[in-house]
Amino acid sequence: MDESNRASSYLDEPPNSRLFLVTSKSITEENIREHFAAFGEIQDIWVVKDKQTKESKGVSFVKFSKSSQACSAMEEMHGRCLAEGTKPIKVFIAQARSSGSHRDVEDEELTRIFVMIPKAFTEEDLKDTFKAYGDIEYAIIIRNKTTGESKGLGYVRFHKPSQAAKAIENCDKTFRAILAEPRTKNASADNDYVSNPRSEHSGNDPGSNSYSFAHESSSYAPGDTWSSDVITRCLLVSSRVAVTQEQICGLFDLIPGMDFCQMQRDQYGFSKGQVVAWYNNLGSAVYAKEKLNGFEYPPGNRLSVSYIDDGEDRTSPVGKMAMQLVAAQMMSMVWNSPSGAQLMKTSTGYTAPTVPQKARVQTDVALPPQKKLVASDSVVKERLFVIFNPSPLPVDVLEDVFCRFGSLMEVYLVPGRNVGYIKYADRKPAHDAIALLHGKVINGIKMKVMLADPPKEESHKRQRTY
DNA sequence: CGACGGGACGC
DNA sequence: CGACGGGACGC
């Protein structure tokens, strides 16, 4: 009867996308379609009828492709009449066929979402983020009771089920928004985690994981740097110790907008310890200079970064515009970052485009430049299994290293073991990583890098509504 | 040799 | 009160 793919309308998938209607027995599938089609793609309408008499039992099911469509239809159509002289209908979200329950699904269960958020998020940030989907009754963040520190989790209660459903369907995937379990029955929720699973230290590898920029709070006061320096889009990077082009260019490529980066060599091809990095806009160059001048890389060696002539004519108004460009560029870095997850992992929070502390990788391996991660909801095409000896490298170091072959999705370390998995959205990067890194030493840790066996099935995780 | 997560609320 | 059919992919 229905043209749409039966597989997709088969179960209650996505969750809460099917309606349960109680109507007069005279109400037909056509009556229903006429009134419900406006709310979204209807995958199936089923008017329950007596097997013998074929008379309607006054019960129908309407399957939408999305939960938000079903919820909107419920909100709008509950209590309405579908035909002259018929009783007002009742509309509920249908219990999943597998649940066995016939209890009405309450709005209480459909209006509160549970999200993962950056630690720096305040309740106001939470509201600001999710108010796009509807009126928020409240937003709360789960905090450590004694320290008040955010646990990176929050609840947002909307007024209507359709608003919660839209939030779940449309918010950034990194929030991992799901419907919250109702509060009442949950007595087992009192687990005490060691601290924060997202915090980044693995105990090993003393020293190489904690470098940060020399002057994090530094010179963003307009005035000092600007007046004396000639700002250009071209930077000269000098190092006293030997560095490779890949190392420096990888570092500077972390600032979006780098067009070109090259080691300067003398006539015999020997490195002069200098690298030139070009950016396609002033804001990026300014940002890179401010962040990386004086940056310790490799450990114990401070890089020196200065502007050099890029051949552009630079007269009066440009210097002032640079400041605005910086601001605009910083915003664009926030929004154009490869994935929200990357930003969320930075310890300084969501808004500051912190340059990751990449000076922490020490190895003899000639690593390619860094590449952006791909969205974490991409399809996994290849997975690596990595064994560390004697102990695992930190996740941020692994991301730094394994992203360089392209399309890195995620690094996962198996807790308590010396192994981990690396997900890629393409096969080639994974195979390139094996070719370059298997048996190699990074920060003193030897790695075996191989293709992962397929995962065991049967990990029944909670369903998401989208 | 090694092997598969993530996130729950003071009623 | 008011809860679960019909039809049948493509290896």
Side-chain angles (χ1 to χ4, degrees), chain A residues 1-2 5-12 18-25 29 44-51 54 56-61 63 87 89-105 112-117 138 140-146 151-157 174-193 196-198 341 344 376 380 383-390 392 395 410-423 447-448 450-459 461-462 464:
Chain A
M1 190 80 30
D2 184 33
N5 182 357
R6 294 205 183 287
S8 66
S9 59
Y10 191 50
L11 281 172
D12 293 74
R18 195 175 58 130
L19 295 180
F20 170 59
L21 275 58
V22 182
T23 72
S24 294
K25 295 189 198 309
E29 176 179 331
D44 193 27
I45 297 177
W46 172 27
V47 178
V48 179
K49 294 172 180 161
D50 183 282
K51 282 261 175 33
K54 298 297 184 73
S56 165
K57 294 161 86 166
V59 162
S60 302
F61 294 90
K63 174 69 176 69
K87 69 180 182 187
I89 66 172
K90 297 186 217 174
V91 185
F92 306 94
I93 292 292
Q95 286 283 3
R97 295 183 83 144
S98 54
S99 84
S101 167
H102 287 173
R103 174 186 58 81
D104 291 353
V105 177
R112 194 177 63 141
I113 66 170
F114 181 48
V115 292
M116 300 177 80
I117 52 179
Y138 62 80
I140 56 164
I141 287 168
I142 302 172
R143 298 176 182 281
N144 181 308
K145 308 292 187 308
T146 54
K151 291 188 176 175
L153 299 170
Y155 294 100
V156 179
R157 172 80 74 180
T174 57
F175 288 111
R176 295 181 186 262
I178 57 174
L179 274 183
E181 274 319 320
R183 229 182 340 169
T184 49
K185 61 174 184 181
N186 229 355
S188 66
D190 218 19
N191 33 15
D192 232 351
Y193 292 110
N196 183 339
R198 276 205 292 265
M344 294 196 180
S376 56
V380 182
R383 226 166 46 119
L384 300 181
F385 180 56
V386 185
I387 301 163
F388 305 96
N389 192 346
V395 169
E410 189 190 24
V411 170
Y412 168 61
L413 290 177
V414 179
R417 324 223 62 140
N418 293 331
V419 302
Y421 296 90
I422 318 276
K423 293 182 191 170
M447 298 187 300
K448 293 185 185 177
M450 59 200 88
L451 290 179
D453 292 338
K456 291 190 290 200
E457 295 304 327
E458 220 50 64
S459 69
K461 301 184 70 67
R462 210 179 132 186
R464 296 189 54 198

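Chain identifiers are assigned alphabetically (A, B, ...) following the order of the sequence lines, protein sequences preceding nucleic acid strands; residue numbering begins at 1 within each chain.
Following rounding to the nearest Å, A/Asn389 (CG) and B/dA3 (P) show an atom-to-atom distance of 14 Å. Rounded to an integer number of Å, the gap from A/Glu29 CD to C/dG6 C1' is 11 Å. A/Asp50 has its CG atom 12 Å from the P atom of C/dC4, to the nearest Å. The CZ-P distance, from A/Arg176 to B/dG6, rounds to 11 Å in whole Å. Rounded to whole angstrom, the span from the NZ atom of A/Lys57 across to the C1' atom of C/dA3 amounts to 8 Å. Between the CG atom of A/Leu21 and the C1' atom of C/dA3 there is a distance of 12 Å, rounded to whole Å. If you measure from atom CH2 of A/Trp46 to atom P of C/dG6, you get 8 Å, rounded to the nearest angstrom. Atom-to-atom, CD1 of A/Ile141 to C1' of B/dC9 comes out at 13 Å; the value is rounded to the nearest Å.
A donor and an acceptor atom sit less than 3.5 Å apart, one in the side chain of A/Glu410 and one in the base of B/dG6. For A/Lys90 and C/dG2, a side-chain-to-base donor-acceptor distance below 3.5 Å is present, hydrogens and geometry of angles not being considered.
A/Arg157 comes within 4.0 angstrom of no nucleic acid atom, judged by non-hydrogen atoms across all strands. When heavy atoms are screened at a 4.0 angstrom cut-off, A/Val22 is found touching base atoms of the nucleic acid. Base engagement by A/Arg18 is indicated by at least one non-hydrogen atom pair under 4.0 Å involving a base atom. When heavy atoms are screened at a 4.0 angstrom cut-off, A/Asp104 is found touching base atoms of the nucleic acid. Using a 4.0 Å heavy-atom distance criterion, A/Lys423 is classed as a base contact. A/Asp453 comes within 4.0 angstrom of a nucleotide base, judged by non-hydrogen atoms across all strands.
By the side-chain contact (heavy atoms from CB on, under 4.5 Å) test, A/Lys423 is found to be paired with A/Val380, A/Arg383, A/Met409, A/Glu410, residues two or more places apart in sequence or in another chain being considered. Take A/Arg417 and apply the salt bridge (Lys or Arg N to Asp or Glu O under 4.0 Å) test, not counting sequence neighbours, and it matches no residue.
Comparing B/dA3, B/dG6, C/dA3 against the side chain of A/Phe61 picks out C/dA3 as the nearest. Nearest nucleotide to the side chain of A/Lys87, out of B/dC9, B/dC4, C/dG2: C/dG2. For A/Asp44, the listed nucleotide lying nearest its side chain is C/dG5; candidates were C/dA3, C/dG5, B/dG7. Relative to the side chain of A/Val48, the nucleotides C/dC4, B/dG10, C/dG5 differ in distance, and C/dC4 lies closest. Picking from C/dA3, C/dG5, B/dG7 the nucleotide with the shortest atom distance to the side chain of A/His102 gives C/dA3. Of the listed nucleotides (B/dG5, B/dG2, B/dG7), B/dG2 has the atom at the smallest distance from the side chain of A/Phe385. Nearest to the side chain of A/Arg97, among B/dG7, C/dA3, C/dG6, sits C/dG6. Closest to the side chain of A/Met116, out of C/dG6, B/dG6, C/dA3, is B/dG6.
An OP1 or OP2 oxygen of C/dG6 is reached within less than 4.0 angstrom by no side-chain nitrogen or oxygen of A/Lys49. A/Arg417 has no side-chain polar atom (N or O) that falls below the 4.0 Å cut-off from OP1 or OP2 of B/dG2.
Of all non-hydrogen atoms in A/Pro390 and A/Asn418, the two that sit nearest each other are O-ND2, 3.2 Å. A/Lys25 and A/Lys57 make their closest contact through NZ-O, 3.7 Å (heavy atoms, listed as atom of the first residue, atom of the second, distance). In plain terms, the two heavy atoms of A/Ser24 and A/Lys87 that are nearest each other are OG-N, 2.9 Å.
Nearer to the 5' terminus of DNA chain B, by closest-nucleotide assignment, is the contact made by A/Lys448 (compared with the other of A/Tyr155 and A/Lys448). Where A/Pro415 and A/Asn418 meet DNA chain B, the nucleotide closest to each residue was compared, and A/Asn418 sits on the side nearer the 5' end.
A/Phe92 is not listed as a side-chain neighbour of A/Arg103, based on a closest heavy-atom distance of 4.5 Å or more.
Ring stacking is absent between A/Phe20 and C/dG2, as the pair misses the limits of under 5.5 Å between centres and under 30 degrees between planes.
Relative orientation of the A/Tyr421 and A/Tyr412 rings is parallel, given thresholds of 30° and 60° on the angle between their planes.
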